[in-house]
Protein chains: 2
Amino acid sequence: MTGPGIVELHQRIPFLLSQLGVHIADDFVTRLLPYGVGPRTYAVLMALAADDGQSQRQLSQRLGIHRNAMVAVIDDLEDKGLVARRPHPDDRRAFAVTLTAGGRELLPDLDAQGRAQEDEITASLTAQERAVLLGLLQTISAGLGMSPGVHPKLAEG
Amino acid sequence: MTGPGIVELHQRIPFLLSQLGVHIADDFVTRLLPYGVGPRTYAVLMALAADDGQSQRQLSQRLGIHRNAMVAVIDDLEDKGLVARRPHPDDRRAFAVTLTAGGRELLPDLDAQGRAQEDEITASLTAQERAVLLGLLQTISAGLGMSPGVHPKLAEG
DNA sequence: TATTGTTATACTCTATAACTATA
DNA sequence: TATAGTTATAGAGTATAACAATA
């Protein structure tokens, strides 16, 4: 197929990681679609689940989303009744972005989608292979100095 | 950090694959930039290296790029003197897209960038771990029914 | 009538800068 | 003077449809 000395793309670790990664990201977007949640709103909901009542600036810094873009994300979540902009106790300029009851109820469903996707993707692996893969991916991620839990796609927009 | 029962994102195989995959794809774009080559033009050059003189329609089907978008890709490569539109021997409607001498000379450089990236990404792994990872990724890719060598990002545009 | 390549248009998304209100 | 949030605008990138030439 390819010329002499040119390695096939599907034998390249970076290509496979990129191919799988983009496919998985797209698939996850599709899974979230029925819940009216996108990658950015999902990330905000998860950040609030970990630490509720953060300001938009805190969320921006934590998730790598620009503060201008964060406005539309919170608008969207507020329109869907999943979060509320409450007055910030320490700073009258800022809002305390807070999960509503509806937002909180949605979290287990979103988490279930993540688990379902993981099961599907690793269906062709044994439990042991799954553990090995997880370790190798974590090693690479740490070796590249990537921030745990911060997705590059979010920072782009 | 997260609520009870909610697994951290960096312990999820799909998240890690997506995080690494998108990062790697972005990094590869940066590596190709000095050569004036983007992901789509790169894909076309590789396809021509494997099989020169394909029509735009053949390239479209093989790479998952829409035929309308393919026009701009070939325009770009032609402007840079890397390929030429020659008359197709079998069909007067079609062009035989052909590598020029300059395009052919560029291939080893592009391949070297891929190798360099692979070395960098797997720097924190042993040779054995690298082999294991490659096998696991190929298993997953095949298990998901993905076409070898076809990158989902290309089909999006 | 179907297909190859092309062009034009509209649509989405993103990035940048400028504005307000508080600190 | 600096910061939190907002808004508006321009730019890039993408998708869709319609077109001319040939099969």
Side-chain angles (χ1 to χ4, degrees), chain A residues 22 25-26 29-30 32-33 36-44 47-48 51-79 83-98 151-157, chain B residues 22 25-26 28-30 32-33 36-44 47-48 51 53-79 83-98 151-157:
Chain A
V22 171
D26 287 350
V29 168
T30 303
L32 294 183
L33 211 58
V37 172
R40 285 184 288 248
T41 44
Y42 173 81
V44 167
L48 293 178
D51 187 5
D52 204 12
Q54 297 181 70
S55 69
Q56 294 183 196
R57 176 190 153 277
Q58 285 175 308
L59 291 168
S60 293
Q61 291 190 332
R62 180 163 179 168
L63 300 175
I65 303 173
H66 196 280
R67 70 184 207 279
N68 298 9
M70 182 62 71
V71 177
V73 178
I74 305 299
D75 282 349
D76 186 18
L77 286 169
E78 208 174 28
D79 288 347
V83 309
R85 281 181 169 103
R86 302 179 57 183
H88 198 286
D90 304 335
D91 190 336
R92 282 202 294 170
R93 293 172 303 182
F95 291 115
V97 183
T98 313
H151 199 289
K153 187 94 179 194
L154 299 176
E156 289 176 7
Chain B
V22 171
D26 287 349
F28 194 58
V29 169
T30 304
L32 295 182
L33 211 57
V37 173
R40 285 184 287 249
T41 44
Y42 173 81
V44 168
L48 293 178
D51 188 4
Q54 296 180 70
S55 70
Q56 294 182 197
R57 176 190 155 277
Q58 284 176 307
L59 291 168
S60 293
Q61 292 190 331
R62 180 163 180 166
L63 301 174
I65 303 173
H66 196 279
R67 71 184 208 277
N68 297 9
M70 182 61 72
V71 177
V73 177
I74 305 299
D75 282 350
D76 186 18
L77 287 169
E78 208 174 28
D79 289 346
V83 308
R85 281 182 169 101
R86 301 179 58 184
H88 197 286
D90 304 335
D91 189 336
R92 282 201 295 170
R93 292 172 302 181
F95 291 117
V97 183
T98 313
H151 199 290
K153 186 94 179 195
L154 299 176
E156 288 177 5

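Sequence lines set the chain letters: A, B, ... in the order given, protein chains first and strands last, and positions in each chain run from 1.
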Are Arg85(B) and dT6(C) close enough that a side-chain N or O sits under 4.0 Å from OP1 or OP2?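 Yes, Arg85(B) has a side-chain N/O under 4.0 Å of OP1/OP2 on dT6(C).
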Report yes if a side-chain nitrogen or oxygen of Arg57(B) is closer than 4.0 Å to either non-bridging phosphate oxygen (OP1 or OP2) of dA23(D); otherwise report no.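 For dA23(D), OP1/OP2 do not have a side-chain N/O of Arg57(B) under 4.0 Å.
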Working to the nearest 0.5 angstrom, can you tell me the gap between Arg85(A) CZ and Leu77(A) CG? 9.5 Å
Rounded distance [0.5 Å steps], CD in Gln56(A) versus NE2 in His88(A):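 Going from CD on Gln56(A) over to NE2 on His88(A), the span is 10.5 Å.
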Which parts of residues 71-79 of chain A get close to DNA chain C, meaning a heavy atom less than 4.0 angstrom away?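 Residues of residues 71-79 of chain A that come under 4.0 Å of DNA chain C do not exist, since none gets that close.
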Checking contacts here: which listed nucleotide (dT16(C), dT6(C), dA23(D)) is nearest the side-chain heavy atoms of His66(A)? dT16(C)
Find which nucleotide of DNA chain C each of Gln56(B) and Asn68(A) is nearest to by heavy atoms, and output the residue with the more 5' nucleotide. Gln56(B)
Quick one: Ile65(A) CD1 to dG5(D) C1', roughly how many Å, whole number? 15 Å
To the nearest Å, how far apart are Gln54(A) CD and dG5(D) C1'?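 That distance rounds to 16 Å.
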Donor-acceptor pair, side chain of Gln54(A) and main chain of Ala47(A), under 3.5 angstrom: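 Yes, Gln54(A) side chain to Ala47(A) backbone: donor-acceptor pair under 3.5 Å.
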Heavy-atom side-chain proximity of [X] to [Y] below 4.5 angstrom:
X        : Y        : result
Val97(B) : Gln58(B) : no
Val73(A) : Leu59(A) : no
Arg62(A) : Asp51(A) : yes

Looking for any heavy atom pair under 4.0 Å, which part of the strands does Arg92(B) touch: base, sugar-phosphate only, or nothing?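 It contacts sugar-phosphate atoms only.
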Within the modelled atom types, does a donor on one side and an acceptor on the other bring the side chain of Arg93(A) and the base of dG5(D) under 3.5 Å apart? no
